[in-house]
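Here the structure comes first, spelled out in structure tokens, and everything after it is commentary.
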Amino acid sequence: MGNMGRVPVGIVGASGYGGVQLVRLLKEHPGVEIVYLGGESSAGKPFSDLYPHLSPFVDLKIEAIDLEEIAARCQVVFLSLPNGLAYQMAPTLLARGCKVLDLSADYRFFDVNTYTSWYGGDRQDQEIVSKTVYGLPELYRDRIAQAQLIGCPGCYPTASLLALAPLLKQGLILPETAIIDAKSGTSGGGRQAKVNMLLAEADSSLGAYGVARHRHTPEIEQICSDLAGSEVTVQFTPHLIPMVRGILATVYATMRDPGLQHKDLITIYNAFYRNAPWVKVLSSGTYPQTKWACGTNLCYIGLEVDSRTGRVIVLSAIDNLMKGQAGQAVQCLNLMMGWEETLGLPQLSFYP
Ligand SMILES: NC(=O)C1=CN([C@@H]2O[C@H](COP(=O)(O)OP(=O)(O)OC[C@H]3O[C@@H](n4cnc5c(N)ncnc54)[C@H](OP(=O)(O)O)[C@@H]3O)[C@@H](O)[C@H]2O)C=CC1
Ligand SMILES: CC(=O)N[C@@H](CCC(=O)OP(=O)(O)O)C(=O)O
């Protein structure tokens, strides 16, 4: 990056899982300097009180959230907060000229009414929503580069959409047959205490939740519809699995042409993702494992054709806190700043 001046960035919600991942990534990113960390119940505490292993590297306090102060100090602001807060904060930051990346669901929907019907709230900000770009670089790279506000995707939608995108874009499947069966580690639920996330509850157990009504369904459908050019509904079932990080999405769909061969699909996927450094399409007979993506911003995709049933099966593995959240936000930042899409992001998992 030569002698480029570092861009001052702030993280609101720094104490959470998304926040600490952003701190980890941005601390080692050559283009930025973290100048502000914000929180609610953690305000006033040194960041290292919450994450002592980072004490040799991060000497910042978590501060109360003062939007004018944040805008005065930061050129870029990451909002990593529970749903329903970002849309109350972003307008002030945008008006002061900041670039904003929201990790919550607040800015993921093209139509504000879709958001309110699934998430509640009373919103009158369609004008801002219309200028927001959905932060999935593999699909909206050029628009992200021009945007001031990014609605970063949910973790399940990231894994699901990267699996489905080439099929929908090229009209290779009957969209209404798409079924997404996905499993997530417990960090997907965030850092706040929840009974179902206790080790005694989650360990040695696998179960579905949000069946037929999970809030990621409309998000997945919105982008599938955009890709297919017509209204698409999908069946999405998430599961909680006893591990900390990772999502595996297994996607099933009926092929329009039952004669389509596995090798044709591999060629199609490789072509679709040829300029996507964070998607790796696996060669024949190899299926992704979540641990391969752990700690990295990668999405691994494997696929198979079942000529008996006429279905294609696509498997996609990501780290929910990386490609599913903080890593993807940094990938978007790189595009917004005109930097290499890979800058400051880890590629290799620490697992064997
Ligand atoms: N975990 C995941 O895998 C993914 C999460 N997301 C989304 O990213 C966002 C952050 O998630 P995650 O990091 O897991 O969440 P966490 O629960 O781990 O962290 C939430 C953060 O929000 C802050 N916060 C909570 N309430 C308020 C409030 N009223 N005002 C200001 N700040 C508040 C907390 O601060 P404090 O501790 O100081 O109170 C904390 O820093 C969420 O919208 C989530 O849905 C998106 C993709 C994946
Ligand atoms: C395991 C687990 O609980 N996962 C979360 C998904 C996290 C996420 O991406 O949620 P947002 O859309 O709110 O950002 C869930 O199912 O709600």
Side-chain angles (χ1 to χ4, degrees), residues 10-24 37-47 49-51 61-67 70 78-89 101-109 115 118-120 134-136 150-161 182-197 201-202 206-211 213-220 222 236-249 290 293-294 318-329 332:
I11 302 164
V12 187
S15 59
Y17 283 162
V20 69
Q21 288 307 304
L22 285 169
V23 169
R24 173 173 87 96
L37 299 178
E40 174 79 354
S41 61
S42 60
K45 290 184 185 162
F47 182 75
D49 275 12
L50 297 169
Y51 296 105
K61 263 194 171 172
I62 301 197
E63 300 180 48
I65 300 169
D66 175 338
L67 296 173
I70 297 169
F78 293 87
L79 300 175
S80 186
L81 301 166
N83 299 316
L85 295 174
Y87 75 81
Q88 301 175 44
M89 299 182 188
L101 297 107
D102 175 31
L103 279 61
S104 82
D106 286 17
Y107 288 108
R108 293 178 193 161
F109 295 93
Y115 175 90
W118 286 80
Y119 290 84
Y134 188 73
L136 193 55
I150 301 292
C152 294
C155 45
Y156 286 119
T158 296
S160 309
L161 291 167
K183 288 108 190 156
S184 171
T186 56
S187 62
R191 195 174 192 237
Q192 75 282 16
K194 291 179 191 159
V195 171
N196 67 327
M197 299 298 182
E201 307 280 334
L206 170 60
Y209 64 101
V211 179
R213 59 179 163 75
H214 193 279
R215 293 192 294 194
H216 285 174
T217 309
E219 186 184 333
I220 296 169
Q222 167 186 265
F236 166 61
T237 307
H239 302 75
L240 187 67
I241 198 157
M243 63 184 185
V244 176
R245 281 168 177 248
I247 286 183
L248 181 72
T290 52
C294 204
I318 60 168
D319 181 334
N320 56 293
L321 297 179
M322 291 292 293
K323 184 63 178 160
Q325 190 194 28
Q328 182 141 265
C332 289

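Note that these values count all heavy atoms, side chains included, but never hydrogens, waters or copies made by symmetry. Atoms within each ligand, like the ligands themselves, are counted from 1 in listed order. Predicted, not measured: the structure shown is a model, and the values here were computed from it.
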Does an N or O from [X], backbone or side chain, lie closer than 3.5 Å to an N or O of ligand 2?
X: Arg108; result: yes
X: His216; result: yes
X: Ser184; result: no

What atoms of ligand 1 come closer than 4.0 angstrom to any heavy atom of [X]?
X: Ser15; result: 34 (C), 35 (O), 36 (P), 37 (O), 38 (O), 40 (C), 41 (O)
X: Gln192; result: 16 (P), 17 (O)
X: Gly39; result: 38 (O)
X: Ser41; result: 36 (P), 37 (O), 38 (O), 39 (O)

[X] and ligand 2 - part of the residue with a heavy-atom distance under 4.0 Å:
X: His214; answer: side chain
X: His239; answer: neither
X: Lys194; answer: neither
X: Thr186; answer: neither

Which option wins on minimum heavy-atom distance to atom 9 (O) of ligand 2: Ala105, Cys152, Cys155?
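When every heavy atom of Ala105, Cys152, Cys155 is considered, Cys155 comes closest to atom 9 (O) of ligand 2.
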Over all atoms of both residues, closest heavy-atom pair of Leu67 and Gln88
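Looks like CD1-O, 4.4 Å.
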Could you pull out the closest heavy-atom pair between Arg108 and Tyr119, with the gap in Å?
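Here Arg108 and Tyr119 meet closest at NH1-OH, 4.4 Å.
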Taking the inter-plane angle between the rings of Tyr87 and Tyr115 on a 0 to 90° scale, is it parallel (under 30°), tilted (30 to 60°) or perpendicular (over 60°)?
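Perpendicular, since the angle between the ring planes exceeds 60°.
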Aromatic ring pairing His216/His214, orientation class (parallel under 30°, perpendicular over 60°, tilted between)
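Ring orientation, 0 to 90° scale: perpendicular.
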Find all atoms of ligand 2 within a distance of less than 4.0 Å from any non-hydrogen atom belonging to Leu240, and give their numbers and elements.
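Those of ligand 2 that fall under 4.0 Å from Leu240 are 1 (C).
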At less than 4.0 angstrom from any non-hydrogen atom of Gly185, what atoms of ligand 2 do you find?
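Checking each atom against Gly185, I get 1 (C).
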Considering only non-hydrogen protein atoms, determine which one is nearest to atom 7 (C) of ligand 2 and report residue, atom name and distance to 0.1 Å.
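Going by distance alone, atom 7 (C) of ligand 2 is nearest to Gly188 O, 3.0 Å.
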